[in-house]
Amino acid sequence: MSSENIKLPKIDFCDEDLKPGTLVWNQVKSQVHKALVEYGCFEASFDKIPIHLRKSIFEFSQEMLDLPLQTKLKNVSPLTKPFHGYVGQNPRIPLYESMGINDPNIPHKAEKFTQILWPQGNPTFCKIIQSYSKQLSQLDQTVRKMLLESLGVEKYMDEHMNSTYYNLRPIKYKAPQSSEAEVGLYTHTDKSIFSILHQNQVNGLQILTKDGQWINVEPTPETFIVMIGDSLYAWANGQVHVPYHRVMMKGNEARYSIALFSIPKAGYIIKAPHELVDEEHPLLFKPFDYHEYQAFYYTEEGQRCEHPLKAYCGVSV
Ligand SMILES: O=C(O)CCC(=O)C(=O)O
Ligand SMILES: [Fe+2]
């Protein structure tokens, strides 16, 4: 089933007074909570990324993903963090490729990354990834703060914020070969805490609602899609929704998108706080490490599961 009429909630983060405790903070917070319970995601208007930065991050992403394959393959994942580097040439998703950049907001890490692909360095791109990720991570942190407050567990804020890092992932979807729509990225939930998605003018992202309808997501150049991942869903003991989504490609233009993921650090055990577990909300998942869960997800068994998180660490009732 697909619906032309349903639209994701749109939430405005541009108000100068958007600071904890203000009236506008509380208003936005309640919209965020409602959207995350209902859809697990929303469209955010966020004006802290100036237009020239938006333009240049897409230009550079394109240039980077147009490098020879041999060069792109140099960005391998560290052993402890599988699937954090270059991903492409997967016969299951032939239109898709992406480049993962770890800790893009930390200057020497961004520099290290650019030196892998451009041995002489690439100070311009380095600056772009850094300032883009730094600004966008503010949106991630604002939303996380609002959600923890809404769930009444703000006392875990520091632990929650300090237990994650960022991965920035420019993605390219080639235009389909035929005039039919083709799968760019198969149906999945993200494994992260939050994902923030930004795209060029080519649409294609679809989100499955709780009642089984696919929504076509049509952001404007200034808006971002903020989405819950499995790690936060488990931590919140299912008190928010985690949306299935996919990318369907149509037409003859390539689609570029950029995802910023907040991800639990290796060794950090994701465990729902006791305040979120009670008779009405029995514990849904056993404590787990994100990186071990991700390793399971990419096994044959994990790829076959409809509910990988449940299969991996679900509490049976
Ligand atoms: O390209 C998009 O808009 C979605 C990407 C996505 O779902 C992902 O990388 O997990
Ligand atoms: Fe995703």
Side-chain angles (χ1 to χ4, degrees), residues 8 36 39-44 46 54 57-58 61-62 64-65 75 77 81-88 90 92-102 104 132-133 136 139-140 166-176 181-209 214-233 240-251 253-264 290 293-294 297-298 302-303 305-309:
L8 277 189
L36 294 179
Y39 295 94
C41 57
F42 55 84
E43 184 179 344
F46 180 67
R54 292 202 304 260
I57 188 110
F58 280 106
S61 299
Q62 183 160 355
M64 177 175 71
L65 290 165
N75 183 30
S77 283
K81 293 179 179 172
F83 311 100
H84 275 53
Y86 174 72
V87 180
N90 178 344
R92 215 179 142 201
I93 36 171
L95 303 180
Y96 173 95
E97 67 176 326
S98 71
M99 185 70 83
I101 306 169
N102 274 319
Y132 180 86
S133 315
L136 205 51
L139 178 60
D140 168 81
Y166 292 101
N167 183 265
L168 183 72
R169 185 167 283 281
I171 308 170
K172 176 183 183 179
Y173 303 88
K174 279 190 283 208
E182 286 177 28
V183 173
L185 188 57
Y186 47 77
T187 307
H188 66 283
T189 54
D190 288 350
K191 307 290 163 275
S192 44
I193 291 285
F194 267 107
S195 315
I196 302 185
L197 301 166
H198 189 192
Q199 66 164 52
N200 68 350
Q201 73 289 354
V202 182
N203 291 326
L205 177 64
Q206 299 184 333
I207 286 168
L208 191 63
T209 62
W214 284 105
I215 304 185
N216 292 318
V217 179
E218 294 168 353
T220 66
E222 314 80 62
T223 63
F224 299 82
I225 305 301
V226 178
M227 190 186 287
I228 295 243
D230 283 349
S231 296
L232 187 54
Y233 173 69
V240 282
H241 180 61
V242 61
Y244 280 99
H245 56 285
R246 67 182 181 194
V247 174
M248 295 301 292
M249 288 297 296
K250 257 201 300 216
E253 251 187 292
R255 174 168 190 266
Y256 287 87
S257 62
I258 297 173
L260 182 73
F261 298 106
S262 45
I263 298 178
Y290 163 90
Y293 167 48
Q294 210 200 21
Y297 177 64
Y298 285 104
Q303 290 286 291
C305 291
E306 196 183 336
H307 298 292
L309 184 65

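Not measured: the values here are computed from a predicted model. Numbering of ligands and ligand atoms starts at 1, following listing order.
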Quiz item: Nearest protein heavy atom to atom 6 (C) of ligand 1, by residue and atom, and its distance?
Solution: L185 CD2, 3.5 Å
Quiz item: Does Q199 come within less than 4.0 angstrom of ligand 1, counting non-hydrogen atoms of the residue?
Solution: no
Practice problem: Return the residue, atom name and 0.1 Å-rounded distance of the protein heavy atom closest to atom 3 (O) of ligand 1. | Solution: R255 NH2, 3.0 Å
Quiz prompt | Whether S231 side chain and K191 backbone form a donor-acceptor pair below 3.5 Å | solution = yes
Exercise. Tell me which protein heavy atom sits closest to atom 7 (O) of ligand 1, plus the residue, atom name and distance to 0.1 Å.
Key: H245 NE2, 3.0 Å
Self-check item: Aromatic plane relationship, Y96 with Y173 - under 30° parallel, 30 to 60° tilted, over 60° perpendicular
Solution: perpendicular
Self-check item: Among the N, O or S atoms of H245, the one nearest the Fe ion (ligand 2)
Solution: NE2
Quiz item: Y173 heavy atoms, cut-off 4.0 Å: which ligand 1 atoms fall inside?
Solution: 1 (O), 2 (C), 4 (C), 5 (C)
Practice problem: Please report the shortest heavy-atom distance between P243 and C41, naming the atom on each side. | Solution: CG-SG, 4.2 Å
Practice problem: Could you tell me if any non-hydrogen atom of H188 lies under 4.0 Å from any atom of ligand 1? | Solution: yes
Self-check item: Test log, rule side-chain contact (heavy atoms from CB on, under 4.5 Å), inputs R169 and I258
Solution: CA-CA 6 Å; R169 185 167 283 281; I258 297 173; over 6 Å; no
Quiz item: Any chance the side chains of D140 and Y166 put a donor and an acceptor closer than 3.5 Å?
Solution: yes
Quiz item: Under 30°, 30 to 60°, or over 60°: which ring-plane class applies to Y297 and Y293, parallel, tilted or perpendicular?
Solution: tilted
Exercise. Return the option from I171, D190, V247, I225 holding the heavy atom at the smallest distance from atom 9 (O) of ligand 1.
Key: I171
Quiz item: Hey, what's the ring geometry for H198 with F224, parallel, tilted or perpendicular (30° and 60° as the breaks)?
Solution: tilted
Exercise. Assess the side chains of R92 and Q303: does a donor N or O sit below 3.5 Å from an acceptor N or O?
Key: yes
Quiz prompt | Vertex the Fe ion (ligand 2), rays to NE2 in H188 and OD1 in D190 - rounded to 10° | solution = 90°
Exercise. Indicate yes or no: does an N/O atom of Y96 lie under 3.5 Å from an N/O atom of ligand 1?
Key: no
Quiz item: Should the proximity of S257 to ligand 1, defined as any heavy atom under 4.0 Å, be assigned to the side chain, the backbone, both, or neither?
Solution: side chain
